[in-house]
4 protein chains.
Amino acid sequence: MAPEKARRRPVQARAQVTYDAILQATAQVLVAEGFDKASTNRIAKVAGVSVGSLYQYFGNKEGVFTALIDQVCDEQIALLQGMAGAMLAAPLPVAARAYVEALLATHERDRAMHEAISQQAAHLGLPGLRRVQAESRRVVRRYLEAHADAILPTNLDLAAFALVGMVQGMVDSAFFCEGAAAWPGLAEEICRVVLRYLLGHDAAPA
Amino acid sequence: MAPEKARRRPVQARAQVTYDAILQATAQVLVAEGFDKASTNRIAKVAGVSVGSLYQYFGNKEGVFTALIDQVCDEQIALLQGMAGAMLAAPLPVAARAYVEALLATHERDRAMHEAISQQAAHLGLPGLRRVQAESRRVVRRYLEAHADAILPTNLDLAAFALVGMVQGMVDSAFFCEGAAAWPGLAEEICRVVLRYLLGHDAAPA
Amino acid sequence: MAPEKARRRPVQARAQVTYDAILQATAQVLVAEGFDKASTNRIAKVAGVSVGSLYQYFGNKEGVFTALIDQVCDEQIALLQGMAGAMLAAPLPVAARAYVEALLATHERDRAMHEAISQQAAHLGLPGLRRVQAESRRVVRRYLEAHADAILPTNLDLAAFALVGMVQGMVDSAFFCEGAAAWPGLAEEICRVVLRYLLGHDAAPA
Amino acid sequence: MAPEKARRRPVQARAQVTYDAILQATAQVLVAEGFDKASTNRIAKVAGVSVGSLYQYFGNKEGVFTALIDQVCDEQIALLQGMAGAMLAAPLPVAARAYVEALLATHERDRAMHEAISQQAAHLGLPGLRRVQAESRRVVRRYLEAHADAILPTNLDLAAFALVGMVQGMVDSAFFCEGAAAWPGLAEEICRVVLRYLLGHDAAPA
DNA sequence: TATGAATGAGCTTTCATTCAT
DNA sequence: AATGAATGAAAGCTCATTCAT
């Protein structure tokens with residue numbers, strides 16, 4: 001697939017409806033039938049729209065998928081930022097727990113679509129994934145800055161990097177490993193990893 | 001792609017040559033041109049072999065890729081097991097460092113192919129990836145058992161799971177985040193995460 | 001060949017043109033070049049249409065042939081029914097002669113296509129052939145009912161079966177046996193077989 | 001398929017075994033899996049022989065099938081001739097009955113193979129079928145000559161032609177029409193058709 | 001602007017046939 | 001003579017994309 005050639009941003013209300021219908025149909029087909037079945041013709045049909053319209057709005061097939069992925073990533077980033085605002089002053093154990101729970105919940109919620117994208121359109125998802133990771137690191141770093149005197153790591157970039165990576169890795173593993181996501185004590189253990197890294201010991205139950 | 005139908009195991013010498021040539025060509029095309037360009041005809045041509053031969057040995061397209069992935073995973077598992085034997089008695093800081101370095105080195109070595117697979121044929125790689133993860137957890141668990149009295153976690157399954165996930169996550173992040181893999185202090189930081197999780201503090205400098 | 005999967009019924013005018021062109025091209029290629037040469041690409045080319053269009057209307061290769069055969073059978077059945085209406089009250093010798101002549105004429109007319117189908121796509125023609133035979137028996141039986149008091153056979157189902165089979169067999173033989181179709185007295189002899197079976201003697205010349 | 005290029009007639013005992021094994025495997029595959037699955041490689045494998053050997057004996061694929069069909073036709077012709085010798089002096093009702101019964105029995109016996117050939121390799125079967133029909137007419141004609149003074153038809157060629165065609169037609173119909181072959185009274189009715197044609201009336205019961 | 005019929009390059013797969021061993 | 005690995009033309013079919021209406 002060549003990089004997208006042209007797209008028309010929807011300006012009228014009717015156009016916005018069409019645009020959204022296509023993205024929604026894309027998500028639906030992707031999840032229900034897989035990337036291989038997600039042809040532009042199929043997507044258009046499911047969206048109740050002609051192929052021609054799809055090409056009017058998205059330029060080419062890649063454009064449809066990147067738009068969908070961008071939308072998902074934007075939501076994820078918005079969630080992160082919302083949480084960051086609410087948690088900036090929270091004590092570490094609380095913030096960590098909130099972060100871990102949020103990631104697990106997100107994964108749980110659109111697990112099917114994340115899997116579909118990461119397993120079959122991963123190359124299209126890379127830029128979005130990078131954006132999410134970068135924003136995650138920025139948010140985490142900002143938190144670490146605000147709590148710098150309470151934690152061991154001094155290189156905050158490195159610490160943010162490590163934190164985002166380790167949590168992501170454990171969460172991914174949990175969903176990748178049949179049944180692991182439901183383990184009792186999983187979220188707690190992930191928090192323990194985080195706290196021991198940042199504090200050198202488990203949080204005092206204070 | 002349907003699951004593979006039938007394959008003929010090579011018996012004559014030249015048959016083995018053909019078989020290997022096809023797998024090698026697959027890796028090469030995958031890395032150099034991407035999954036989309038890796039048609040069976042292209043692979044056969046690069047292998048210097050006819051398409052017919054490809055289908056004689058692999059049954060269908062999927063079979064070629066899964067054979068390649070299996071081969072890569074087998075190597076990875078062999079490496080793990082070799083390391084496990086050598087490191088079982090090693091003190092934690094040494095073992096951790098070896099594990100982390102090995103993972104980073106592996107990633108470095110066939111980065112291109114891992115990326116190609118995980119970004120474009122991830123669905124075919126799942127079984128192999130699971131095998132590697134499961135074996136990793138088994139190896140790590142065996143190490144933890146042998147050192148159970150020196151570490152904090154008591155649920156060794158959960159600990160092995162967390163360790164494999166966190167390290168994988170940080171290593172992946174490092175290669176995913178442009179430039180991060182080369183950061184000085186990266187391996188050290190990953191080890192620090194591991195040690196603080198297992199010991200509650202950094203390892204005493206002997 | 002698998003049973004047909006899906007087809008789009010033509011709605012626009014040009015679509016109908018395309019549909020018909022494909023069927024006509026199929027007949028032409030089948031007759032002129034044989035079933036083996038009648039690939040979907042060849043048919044499409046002869047029809048002056050792209051392969052894609054062929055698959056839009058017929059779903060798969062088998063679909064093209066069965067549509068053609070169905071069309072031929074429908075014509076044949078329509079002819080039968082037309083004749084049945086006109087001949088129901090006719091005396092046996094006249095009706096028999098008309099039936100035999102009609103079969104010979106039909107065979108003569110699209111001999112090439114019947115041969116092509118029966119010799120190279122017979123398995124696809126079976127359902128159509130069955131339909132034609134069943135309808136033939138029905139029509140003949142109706143005639144026999146109307147003339148039941150004038151004929152020897154009392155089991156009309158069996159008689160209809162025998163009549164349709166015997167006439168078909170002799171007509172087929174005539175066209176199968178080089179030159180036999182042109183024999184003088186052939187039609188007359190077939191009628192004689194029919195009349196002697198039904199009456200026990202040749203028809204009185206009134 | 002091009003007409004056969006060369007074949008080596010088996011001269012040694014071992015060669016004859018191979019030759020027969022291939023023909024038998026062809027029949028088996030044809031009946032059990034259909035013409036489409038009857039590739040030369042498959043046939044060779046079922047015959048327990050290498051493809052190379054198949055090509056040594058039969059020159060090309062068509063050669064295998066025509067050899068098989070020839071063999072079947074030869075058997076059929078031998079049967080006909082055997083019957084002719086035994087029946088030449090028999091009275092008409094007896095001879096007719098024997099002929100009809102023999103045809104029905106033959107059909108019954110290798111119904112599957114006849115169907116396989118006539119439905120999927122009819123073009124290869126034409127020459128053989130012609131030979132059988134021609135021989136049938138010859139045999140019937142010889143019988144008619146010997147009984148010329150007892151029958152109505154005077155053009156014996158035409159009569160033989162009609163007889164062979166009509167009986168074949170009714171027998172074929174019987175097997176083509178689901179269930180008809182098992183009808184009670186079927187053979188009798190076919191004989192009745194024959195006798196009325198030849199005598200103008202049913203045979204006097206001696 | 002929206003439609004959907006039409007396009008055709010290109011993919012996966014099969015199989016008759018060859019020929020070095 | 002026998003083997004079976006290798007060949008590669010060609011088949012059926014899909015789908016991203018275009019464009020006349």
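Quick note on labels: first sequence line is chain A, next is B, and so on, each numbered from 1.
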Identify all side-chain donor-acceptor contacts of residues 20-27 of chain D below 3.5 Å with residues at least two apart in sequence or on another chain.
{"from": "D/Asp20", "atom 1": "OD1", "to": "D/Gln16", "atom 2": "NE2", "distance (Å)": "2.9"}
{"from": "D/Asp20", "atom 1": "OD2", "to": "D/Gln16", "atom 2": "NE2", "distance (Å)": "3.3"}
{"from": "D/Thr26", "atom 1": "OG1", "to": "D/Ile22", "atom 2": "O", "distance (Å)": "2.7"}

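One atom, NZ of A/Lys45, and another, P of E/dA5, lie 9 Å apart when rounded to the nearest Å. Rounded to whole Å, atom C1' of F/dA11 lies 13 Å from atom CG of C/Leu54. Straight-line distance from the CD1 atom of B/Ile43 to the C1' atom of E/dT12: 12 Å, rounded to whole Å. When rounded to the nearest whole Å, the span between CD of D/Gln56 and C1' of E/dC19 equals 11 Å. If you take CZ of C/Arg42 and P of F/dC13, they are 18 Å apart, rounded to a whole angstrom. Atom CZ of A/Phe58 and atom C1' of E/dT1 are 16 Å apart (whole Å). For D/Asp36 and F/dA11, the CG to P distance is 15 Å, given to the nearest whole Å. Across the protein-nucleic acid pair, A/Tyr19 atom OH and E/dT1 atom P stand 16 Å apart, rounded to whole Å.
Take B/Asp110 and apply the salt bridge (Lys or Arg N to Asp or Glu O under 4.0 Å) test, not counting sequence neighbours, and it matches no residue. Residues satisfying the salt bridge (Lys or Arg N to Asp or Glu O under 4.0 Å) test with A/Glu75, not counting sequence neighbours, are none. With sequence neighbours left out, the salt bridge (Lys or Arg N to Asp or Glu O under 4.0 Å) criterion links A/Asp74 to A/Arg131.
Each of C/Val49 and B/Ser39 has a nearest nucleotide on DNA chain E; the 5'-most of these lies closest to C/Val49.
Not one side-chain nitrogen or oxygen of C/Tyr55 sits closer than 4.0 Å to the OP1 or OP2 atom of F/dT14. The shortest distance between the side-chain N/O atoms of A/Thr40 and the OP1/OP2 oxygens of F/dC15 is not below 4.0 Å. Between A/Tyr57 and E/dA2 there is a side-chain N or O to OP1 or OP2 distance below 4.0 Å. In this model, the phosphate group of E/dT3 is approached by a side-chain N or O of A/Ser53 to a distance below 4.0 Å at OP1 or OP2. A close approach under 4.0 Å does occur between a side-chain nitrogen or oxygen of C/Thr18 and OP1 or OP2 of E/dA6. Taking 4.0 angstrom as the limit, C/Ser50 places a side-chain polar atom (N or O) nearer than this to OP1 or OP2 of E/dT7.
Under the 30°/60° scheme for interplanar angles, the aromatic rings of D/Phe35 and D/Phe65 are found to be tilted.
Looking only at side-chain heavy atoms (C-beta outward), D/Leu126 and C/Phe176 come within less than 4.5 Å of each other. The shortest distance between side-chain heavy atoms of A/Val72 and A/Gln76 does not fall below 4.5 Å. A heavy-atom distance below 4.5 Å is found between the side chains of B/Leu68 and B/Met113.
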Dot-bracket encoding of pairs in DNA chain F, which uses [ ] for pseudoknotted crossings and | for another strand, Watson-Crick or G-U under 3.5 angstrom: .||||||||||||||||||||

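Considering every non-hydrogen atom in both D/Gln120 and C/His123, the closest pair reads NE2-ND1, 3.7 Å.
For the side chain to side chain contact (heavy atoms under 4.5 Å, CB included) criterion with B/Ile117, the lone passing option out of B/Leu129, B/Val31, B/Leu124, B/Ile69 is B/Ile69.
Ranking E/dT13, F/dC13, F/dA5 by closeness to the B/Asn41 side chain, first place goes to E/dT13. Side chain of B/Ala15, nearest nucleotide from F/dC13, F/dA6, E/dA5: F/dA6. Nearest nucleotide to the side chain of D/Val51, out of F/dT7, E/dT13, F/dG4: F/dG4.
Residues from residues 115-122 of chain B placing a heavy atom under 4.0 Å of any atom in DNA chain E do not occur.
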